[in-house]
Amino acid sequence: MRMSILSFPLLAGMSLIRSAAPLAVHLHSSLVSPQPVGVAVSLTPRVENQSKGMHVYRYSVSIEGGPFKIMRDFSQDRDFTWAPELKEHTATVRLNVRNNESKETSQDEMRFQFVSRIKGKAPLVTPSSHPLIALFSAPPCPQGSNFRVAFHAEGEEALTRTATQPCSGASSNNVWVAGMRADTDYKLRAEWTQGSSVKTGAWLAHHTGMLGGGLPAVSILVPRVAGASMSEPVHIYSTVSLNGVVKPFAIDPQGRTIWYFPSSPMVNRVLPGGRFLVIASGLNSINSTKEEQLLQELDLNGTIIRETNAGRVAEQLESFGIKSDCRIGGKECMSGFHHEAIRLPNGHTLVIAGLERMMPAGTQGATEAVDVLGDIVLDLDEEFQVTNLWNSFDHLDIKKKSYKDAKCKTGQGGCPPVLLAPQAQGWTHSNSLNYIASSGDFLISIPEQEWVVKVDWKNGKGSGKILWRLGNGGDFKLDSKDPNPWFSYAHDIGFEPVGSNMLALMDNSHVAHAKDKNLQGRAQVWKLDEEKRIATLAYNASLGDYSICCGSIQLLKGGGYNSLVGWIDRDSPHGRTSETDKDGKIVFAIGIEGARAYRSFNVADMYTAPV
């Protein structure tokens with residue numbers, strides 16, 4: 001018998017109050033499994049039964065049934081380009097989706113297999129999506145031996161080699177070959193090593209593609225002085241363009257481009273194995289702010305190995321007593337990453353982030369409640385999860401405002417986002433970290449306080465107290481005959497050589513330059529007697545140009561220093577890298593046009609990190 005719905009009003013009413021279907025997500029990929037090693041896979045979610053609220057997505061991966069590792073933490077960015085490991089394997093990708101308002105969650109998983117490109121016993125070269133990078137694949141080699149690739153431009157004898165990787169005995173060997181010029185014929189070959197023995201394969205031909213856009217003009221300003229020692233052959237530049245389109249890049253000794261990122265993140269550090277720690281703009285997990293929200297580890301192709309964002313970190317900071325409410329009227333806000341991220345020996349990452357706090361009238365001379373922008377140093381584990389932090393508000397004197405009473409706004413003055421008020425006091429503007437392995441402590445450069453300070457960190461178990469302050473008004477007795485010895489706006493601080501008491505830094509020289517326009521940026525090295533608190537200015541090389549901001553310094557293997565004056569001329573920005581000898585004389589210089597250069601790194605190849 002057919003029954004009309006009108007005949008059963010009670011049942012009709014019950015159907016109307018039935019609970020809504022739960023949130024569900026289905027993971028989709030751009031390619032089907034299996035795929036050859038080296039293929040990047042685009043992943044995207046299809047979400048069902050969404051309710052009101054912001055939805056965020058986290059991607060994780062398990063290799064051969066192992067534990068899941070986060071690739072991108074919760075973010076509003078739905079889609080993800082996955083760069084699988086360069087070996088044959090089976091992986092499971094897990095996608096978690098979360099409704100921030102209702103806290104409802106769902107997940108889906110996808111298994112994917114990657115197979116060898118090798119069909120016989122011969123190696124092969126495969127072009128990649130990057131015009132200056134190729135994938136070299138070779139058959140398995142015996143356990144106990146190692147594999148690498150040697151390459152050179154046609155007609156040239158100088159060889160470059162990739163990083164050495166151990167042979168597994170069962171899987172093929174695959175490596176991204178980077179460090180080649182555009183539109184050039186190259187020869188590549190496999191090399192197998194065991195002890196001092198080297199076995200070489202046949203040369204394979206490869207022709208590189210054309211350069212993309214967004215690269216600044218490079219010139220040799222000072223040819224290498226006769227008799228000057230050679231530096232490493234590769235210079236990698238972290239650039240910060242005013243219009244956001246200039247890309248990080250690398251050049252050879254003649255100034256020719258041999259690598260670049262497809263995008264424009266700020267490269268903070270070069271890691272071993274062709275990886276990079278960068279800060280970039282993008283979507284976070286909690287609000288609409290995009291400026292300086294992402295911390296990423298990228299490979300040579302610019303694909304993401306690991307990513308977190310300021311919103312996701314802010315969520316975790318609640319357990320440390322920091323509750324971010326990043327809006328006008330809020331009291332506290334972790335607003336974004338800025339200036340520095342370094343990799344520690346245990347695989348953790350230290351990164352600087354901006355912390356805003358609304359402070360009462362009278363703070364730093366304010367006549368009303370004022371937004372003070374300080375800094376925190378975050379200790380993130382191998383998956384970019386917060387394990388500890390150091391807070392400038394806990395250890396610096398809030399009464400001591402910045403030496404030039406700096407103001408910060410979002411997108412201005414090198415500041416992280418300012419979200420609690422239209423403008424904030426630029427109290428610290430920290431820009432550099434240096435880890436001290438012997439004690440587990442770290443140094444941090446705090447330019448607006450005119451100091452480099454040493455923090456009692458002890459690998460996260462210390463008090464966080466400041467052990468000493470180096471700089472004008474600090475804790476050290478000065479030993480120098482220079483009329484303007486103290487640095488102002490120090491960049492890229494660090495003990496070099498590692499383990500020594502010689503502290504190198506790039507000095508923007510703002511205070512000295514304000515007194516005398518003839519004074520320029522300086523490469524400085526300070527010999528520190530920490531016990532007696534005596535600072536001796538041991539090296540003070542003028543770099544020939546004044547830098548509005550930015551810069552770096554690096555001890556070269558042959559002695560002397562490689563230093564960057566990052567932003568010369570506000571209206572026509574350009575930078576300059578200078579190599580200075582042991583006496584402070586410039587023996588080689590490179591010019592960068594049309595971009596601000598944040599840092600430069602002089603390295604042996606695209607796989608070796610600076611020492």
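All of these numbers come straight from a predicted model, not from anything done at the bench.
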* Asked: Is the centre of the Trp82 ring less than 6.0 Å from the centre of the Phe114 ring?
  -> yes

* Would you find a donor on one side and an acceptor on the other, under 3.5 Å apart, between the side chain of Ser324 and the backbone of Cys326? -> no

* To do: Hey, could you give me the OG1/CZ distance between Thr239 and Phe249, rounded to the nearest 0.5 Å?
  => 6.5 Å

* Measure from NZ or CZ of Lys247 to the centre of the six-membered ring of Tyr237 and say whether it is under 6.0 Å with the direction within 45° of the ring axis. => no

* **Carboxylate-amine/guanidinium contact Glu450 Lys400, below 4.0 Å** => no

* Considering residues, nucleotides and ligands other than Lys404, do more than 12 of their heavy atoms fall under 6.0 Å from its NZ? -> yes

* Is a side-chain N or O of Ser238 found less than 3.5 angstrom from the main chain of Asn268, in a donor-acceptor match? -> no

* Structure fact -> Rounded to the nearest 0.5 Å, the CZ atom of Arg275 sits from the CG atom of Leu277 at a distance of 10.5 Å

* To do: Name all residues meeting the side-chain hydrogen bond (donor to acceptor under 3.5 Å, both in side chains) criterion together with Tyr435; count only those two or more places apart in sequence or in a different chain, and write none if there are none.
  => Asn459

* To do: Take Val61 and Thr92, measure what side chain to side chain contact (heavy atoms under 4.5 Å, CB included) needs, and give me the verdict at the end.
  => CA-CA 6 Å; Val61 66; Thr92 301; over 6 Å; no

* Qualifying residue, where the test is salt bridge (charged side-chain N to carboxylate O under 4.0 Å, His left out) with Glu315 and the options are Lys103, Arg98, Lys323, Arg58 -> Arg98

* Partners of Asn96 by side-chain hydrogen bond (donor to acceptor under 3.5 Å, both in side chains), sequence neighbours excluded? -> Gln107

* Asked: With a 4.0 Å cut-off, would you call Arg46 and Glu48 a salt bridge?
  -> yes

* Partner set under salt bridge (Lys or Arg N to Asp or Glu O under 4.0 Å) for Glu291, not counting sequence neighbours -> none

* Under the 3.5 angstrom rule, does the side chain of Asn431 hit a backbone N or O of Ala490 as a donor-acceptor pair? -> yes

* Determine whether the aromatic ring centres of His429 and Tyr489 lie less than 6.0 Å apart. => yes

* To do: Can you measure from NZ (Lys87) to OG (Ser171) and round to the nearest 0.5 angstrom?
  => 7.0 Å

* Asked: Between Asp375 (side chain) and Asn391 (backbone), is there a donor-acceptor pair under 3.5 Å?
  -> no

* To do: Quick one: sort the Phe80 and Tyr59 rings into parallel, tilted or perpendicular, breaks at 30° and 60°.
  => parallel

* Basic-acidic side-chain contact under 4.0 Å: Lys465, Asp456 -> no

With a 3.5 Å cut-off and sequence neighbours excluded, list the donor-acceptor pairs that the side chains of residues 351-360 form with protein atoms.
residue	atom	partner	partner atom	Å
Glu356	OE1	Leu419	N	3.1
Glu356	OE1	Leu420	N	3.1
Glu356	OE2	Leu419	N	2.8
Arg357	NE	Glu332	OE2	2.7
Arg357	NH2	Glu332	OE2	3.1

* Using the ring of Phe68 (Phe, Tyr or Trp, six-membered ring only), decide whether Arg94 places NZ or CZ under 6.0 Å from its centre and within 45 degrees of its axis. => yes

* **Any side-chain heavy-atom pair of Leu380 and Leu295 under 4.5 Å** => yes

* Asked: Listed by chain and number, what are the side chain to side chain contact (heavy atoms under 4.5 Å, CB included) partners of Gln364, not counting sequence neighbours?
  -> Val372, Ile398, Lys401, Gln425, Trp427

* Check: Leu433 main-chain N/O paired with Glu340 side-chain donor or acceptor under 3.5 Å -> yes

* Structure fact -> Sorted by chain and number, sequence neighbours left out, salt bridge (Lys or Arg N to Asp or Glu O under 4.0 Å) with Arg327 holds for Asp325

* **Of Trp176, Phe601, Tyr607, Phe276, the residue whose pairing with Trp259 passes ring pair (Phe, Tyr, Trp, His ring centres under 6.0 Å)** => Phe276

* **Pair Tyr403-His510, ring-ring contact (aromatic ring centres under 6.0 Å, His included): steps then yes or no** => CA-CA 11 Å; Tyr403 83 92; His510 289 342; 7.6 Å; no

* Is there a donor-acceptor contact under 3.5 Å from the side chain of Arg596 to the main chain of Ile548? -> no

* To do: Report yes if some heavy atom in the side chain of Ser552 is under 4.5 Å from a heavy atom in the side chain of Ser600; otherwise report no.
  => yes

* With sequence neighbours excluded, residues passing disulfide (SG to SG under 2.5 Å) with Cys415 -> Cys408

* Hey, does Glu382 have a side-chain heavy atom less than 4.5 Å from the side chain of Arg306? -> no

* The single option from Val455, Ile342, Leu344, Asn434 passing side chain to side chain contact (heavy atoms under 4.5 Å, CB included) against Phe442 -> Val455

* Tell me, please, which residues at least two apart from Thr81 pass side-chain hydrogen bond (donor to acceptor under 3.5 Å, both in side chains). => none

* To do: Report the distance from atom OG of Ser75 to atom CD1 of Ile286, rounding to the nearest 0.5 Å.
  => 11.5 Å

* Could you tell me whether a side-chain N or O of His55 sits under 3.5 Å from a main-chain N or O of Gly53, the two making a donor and an acceptor? => yes

* Contact summary for Ser51 and Asn99, nearest pair of heavy atoms -> OG-ND2, 3.1 Å

* Structure fact -> In terms of heavy-atom contacts, Gln76 and Leu283 come closest through C-CD1, 4.0 Å

* Do the side chains of Leu27 and Val93 get nearer than 4.5 Å, heavy atoms only? -> yes

* For Asp379, which residues count as a side chain to side chain contact (heavy atoms under 4.5 Å, CB included) partner, sequence neighbours excluded? -> His348, Leu350, Thr387, Asn388, Trp457

* **Within 6.0 Å of NZ in Lys458, more than 12 heavy atoms from elsewhere** => yes

* Let me see the working for Asp492 and Arg269 under salt bridge (charged side-chain N to carboxylate O under 4.0 Å, His left out), right down to the final yes or no. => CA-CA 11 Å; Asp492 198 22; Arg269 295 294 165 183; 3.0 Å; yes

* Hey, does Val175 have a side-chain heavy atom less than 4.5 Å from the side chain of Gln165? -> yes

* Go through the structure and list residues passing side chain to side chain contact (heavy atoms under 4.5 Å, CB included) with Asp79, not counting sequence neighbours. => Thr44, Pro45

* With sequence neighbours left out, what residues match Lys69 under side-chain hydrogen bond (donor to acceptor under 3.5 Å, both in side chains)? -> none

* Say whether, by atom type as modelled, one donor and one acceptor occur between the side chain of Gln412 and the main chain of Thr410 under 3.5 angstrom. => no

* **Ile444 CD1 to Ile493 CD1 distance, which is reported to the nearest 0.5 Å** => 7.5 Å

* Structure fact -> Residues passing the side chain to side chain contact (heavy atoms under 4.5 Å, CB included) test with Gln113, sequence neighbours excluded, are Ser33, Pro34, Thr90, Val115

* Asked: Could you walk me through whether Val386 and Asp381 pass the side chain to side chain contact (heavy atoms under 4.5 Å, CB included) check?
  -> CA-CA 7 Å; Val386 179; Asp381 68 14; over 6 Å; no

